[in-house]
Engineer: 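Handing you a structure now.
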There are 2 protein chains.
Amino acid sequence: MATLKDVARLAGVSVKTVSNVVNGYSFVKPDNRRRVEEALEATGYRPNLGARNLRRGRTGFIALVLPELSIPYFAELAGLVIAAAQEHEWNVLIEQTFGTLAGERSALASLGPHLVDAAILSPEALQDDDFQLSVPAVLLGEHAVDVPIDRVGIDNVAAAQTAVKHLISLGRTRIAAIGAHPHRGTAALRLEGYRTALEEASLPFVDELVVPALNYHRADGAAAMKSLLDLSTPPDAVFCFNDLLAIGAMRAAAERLVRVPSDLAVVGFDNNEESAYSSPSLTSVAPDKTAIARAAVDLLHRRVEARDDALEDVQTPFSLLVRESTVAR
Amino acid sequence: MATLKDVARLAGVSVKTVSNVVNGYSFVKPDNRRRVEEALEATGYRPNLGARNLRRGRTGFIALVLPELSIPYFAELAGLVIAAAQEHEWNVLIEQTFGTLAGERSALASLGPHLVDAAILSPEALQDDDFQLSVPAVLLGEHAVDVPIDRVGIDNVAAAQTAVKHLISLGRTRIAAIGAHPHRGTAALRLEGYRTALEEASLPFVDELVVPALNYHRADGAAAMKSLLDLSTPPDAVFCFNDLLAIGAMRAAAERLVRVPSDLAVVGFDNNEESAYSSPSLTSVAPDKTAIARAAVDLLHRRVEARDDALEDVQTPFSLLVRESTVAR
DNA sequence: CTCAGTCTTTACATCGTTGGAACAACGATG
DNA sequence: CATCGTTGTTCCAACGATGTAAAGACTGAG
């Protein structure tokens, strides 16, 4: 692997001159520039990023801390973050926490200026005092924590409200919710949106219709739906706090021969790609993931470039995509 | 951020002694060791990986080059690769190529000893002479290319054959295939397995039942299925070269009110998590993704540690998971 | 023809770490 | 008591890049 030294020797100039050419700095005589460029070409020189960053005091990496790549929402988001990071010449390091406190703590502990320039975090279990960060960070989604860290995400209350209002507009009156969670801030906000929508329509808030989910996987949605279908009066609609729960719920409904949407209308949240192809296809709250990824990366870039202090809370747009799980073809 | 120098000053020893303690090397007096450990604790020292790797001539990273994270198979695989890499103290850099030749070329070009120690590649379009690699690499899956690079994957011919034999055992005689592709090696092998299974059962190979797919997304599967259903005699079974195609195919079938599995049996390939929850759930060839990830990473680790030259072709196990898309509950 | 001022290049130190050589301390050995 | 081997420690150079300061080359004005 060629180094600056090799190129310099070949071009008959000093190492620094080559460095200057590579970085487009300062004044270099046309004649030298040409020779250096030829030498660069001939040797196939590529800068050693480790060395460059050591010298510059940057690492060239940002961390993306998320629960699990096998969760479609995070996989899709990760893809978009990688694309957005590329524009700032950042590489993305993905850390999986599996949603556990231990996993999140260890991921956070491994961050630091020696490894990454900044971090995008999607924590689920962390408490306030875990956030002793040594690099700029952005939180994705809302959280139970109240820490002075930038945030990017949609308005969860409004989004949930929109979803439930849609169910109400279809004439449903016994609307269940799946995904309540004791610690997750996002869950609390979506629940609040659910409650608000019911209130606005003067529908009662029925405890037995709100089912918690400790995890947000398909299996949890199926289990929750089964318990709802076991009620003496089952719901005629269900709002799931993410698409995986909804897919699981629809699966459970199908197994009990409950028809969607006629017997049961289902709304999800996240708009995973798979939701457009399920049978029936799933109505879902669609956050603008591209906007989230871009906003998060851009925010970090500004923080790293110039430490300006105003705390930011970026609200990205969302929409409700109505599909067959609420309105039959 | 504390450096070795800070720790050394605090402990009253030389930098190298601290380095020795950190790396567990050599002999250090118990007394000094204790003092150093206290100082490490007090300063919260964490090694600067850039500097360490610069010195050691390693980068601490491996690249994972894949088409797209929003494809569930690759997302799941990426998660497993990250986990496997962690055991060798490697961080994983994910590069998305979006399955294009340009994307793959640029990803390959950006690799190099200055950035990563090794690479795991999942190319779809690259030609033989594109593989001018400067770091050890592993190819995932089979390929049309014939290059001296280690490979990890399942026996695609046998796997496809198993899938089609299963359909035949159900009494299906007009079995279609979706996913033929002019350049992809994997597609060619799966097609070969399909053909072999038909031959063994003395069933005719019918051209019109083999539908190509330029991409392997759900939309492509739906489009292909529609064309099959438009045939004067539609198939009674279909083998899709991946689960996304199968999900799309089932979706198209549902839209045409074709019942799965009674009218049409469907088999997929990859066993994505979503396939267990679709309605009906999808019968699929399940490669052992954990084994693939682990084998790939371990292989690279051996290559990096000791350059031994025997070309390896690791065959990982697979199984056929029979679900409702071929056998009704 | 000198000098100031601008442009261009170079030598050197430095980022944080580790390998190797050199050195110091030590008890054991002859 | 000189010598030795072992153990423990320090010093120095190096990885590859870049910032700084200073030196060198060139220009035009006086």
Engineer: Would you mind reading off the distance between A/Arg46 atom CZ and D/dG16 atom P, rounded to a whole angstrom?
Structural biologist: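 Roughly 16 Å, once rounded to whole Å.
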
Engineer: Could you tell me how far apart A/Leu54 (CG) and C/dT14 (C1') are, to the nearest whole angstrom?
Structural biologist: 9 Å

Engineer: List the residues meeting side chain to side chain donor-acceptor pair (under 3.5 Å) with B/Ser19, not counting sequence neighbours, and say none if there are none.
Structural biologist: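 For B/Ser19, the residues satisfying side chain to side chain donor-acceptor pair (under 3.5 Å) (neighbours in sequence not counted) are B/Asn23.
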
Engineer: Each nucleotide N or O in nucleotides 10-13 of chain C that has a protein N or O under 3.5 Å away: list the pair and distance.
Structural biologist:
from   : atom 1 : to      : atom 2 : distance (Å)
C/dT10 : OP1    : A/Ser14 : N      : 3.4
C/dT10 : OP2    : A/Ser14 : N      : 2.7
C/dT10 : OP2    : A/Ser14 : OG     : 2.8
C/dT10 : OP2    : A/Thr17 : OG1    : 2.7

Engineer: Just how far, in rounded Å, is C1' of D/dG16 from CZ of A/Arg58?
Structural biologist: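 Distance, rounded to whole Å: 17 Å.
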
Engineer: Can you give each donor-acceptor pair under 3.5 Å made by side-chain atoms of residues 292-301 of chain A, sequence neighbours left out, with the distance rounded to 0.1 Å?
Structural biologist:
from     : atom 1 : to      : atom 2 : distance (Å)
A/Arg294 : NH2    : A/Glu87 : OE1    : 2.8
A/Arg294 : NH2    : A/Glu87 : OE2    : 3.0
A/Asp298 : OD1    : A/His88 : NE2    : 3.0

Engineer: If you check every side-chain atom of A/Leu4, which of D/dT18, C/dT18, C/dG16 has the closest atom?
Structural biologist: D/dT18

Engineer: Using the test salt bridge (charged side-chain N to carboxylate O under 4.0 Å, His left out), find all partners of A/Arg105 that sit at least two apart in sequence or belong to another chain.
Structural biologist: A/Asp130

Engineer: For B/Lys29 and D/dT10, what is the distance between atoms NZ and C1' respectively, to the nearest whole Å?
Structural biologist: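 Roughly 13 Å, once rounded to whole Å.
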
Engineer: Pull out every stem in DNA chain C, meaning runs of 3 or more consecutive Watson-Crick or G-U wobble pairs with both distances under 3.5 Å.
Structural biologist: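 For DNA chain C the paired stretches long enough to count as stems (3 pairs minimum) are C:1-30 with D:1-30.
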
Engineer: Could you give the distance from CD (B/Gln315) to CG (B/Asn156), rounded to the nearest 0.5 Å?
Structural biologist: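 It is 9.0 Å, given to the nearest 0.5 Å.
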
Engineer: For a quick test of reading the model: is some side-chain N or O of B/Ser19 closer than 4.0 Å to OP1 or OP2 of C/dT17?
Structural biologist: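 Indeed not, no polar side-chain atom of B/Ser19 lies that close.
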
Engineer: Rounded to whole angstrom units, what separation is found between the CZ atom of A/Arg56 and the P atom of D/dC15?
Structural biologist: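 Nearest whole value for this atom pair: 20 Å.
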
Engineer: The criterion is ring pair (Phe, Tyr, Trp, His ring centres under 6.0 Å); which residues satisfy it with B/His181, sequence neighbours excluded?
Structural biologist: none

Engineer: When you get a sec, tell me which of D/dA17, C/dT18, C/dG16 is the closest nucleotide to the side chain of B/Asn48?
Structural biologist: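 Out of D/dA17, C/dT18, C/dG16, the nucleotide with an atom closest to B/Asn48's side chain is C/dG16.
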
Engineer: Relative to A/Phe27, does A/Arg33 satisfy both conditions: NZ or CZ under 6.0 angstrom from the six-membered ring centre, and within 45 degrees of the ring's axis?
Structural biologist: no

Engineer: Regarding B/Asn53, tell me which of base, sugar-phosphate or nothing describes its non-hydrogen contacts under 4.0 Å with the strands shown.
Structural biologist: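 Contact class for B/Asn53: none.
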
Engineer: Scan residues 61-84 of chain A for pairs that pass ring pair (Phe, Tyr, Trp, His ring centres under 6.0 Å), counting only residues two or more places apart or in two chains.
Structural biologist: A/Phe61-B/Phe61

Engineer: Grab the CG-C1' distance between B/Asp31 and D/dT7 for me, whole Å please.
Structural biologist: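 Result: 15 Å.
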
Engineer: Between atom CZ in A/Arg52 and atom C1' in C/dT14, what is the gap in whole Å?
Structural biologist: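 For the pair A/Arg52 CZ and C/dT14 C1', the rounded distance is 17 Å.
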
Engineer: By side chain to side chain donor-acceptor pair (under 3.5 Å), which residues pair with A/Glu104, not counting sequence neighbours?
Structural biologist: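 With sequence neighbours excluded, A/Glu104 shows a side chain to side chain donor-acceptor pair (under 3.5 Å) to no residue whatsoever.
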
Engineer: Can you check the B/Arg34 CZ to D/dG8 P distance for me, whole Å?
Structural biologist: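 Whole-Å distance recorded here is 16 Å.
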
Engineer: Going by side chain to side chain contact (heavy atoms under 4.5 Å, CB included), name the residues that satisfy it together with B/Ala2, two or more places apart in sequence or in a different chain.
Structural biologist: B/Asp6, B/Thr43

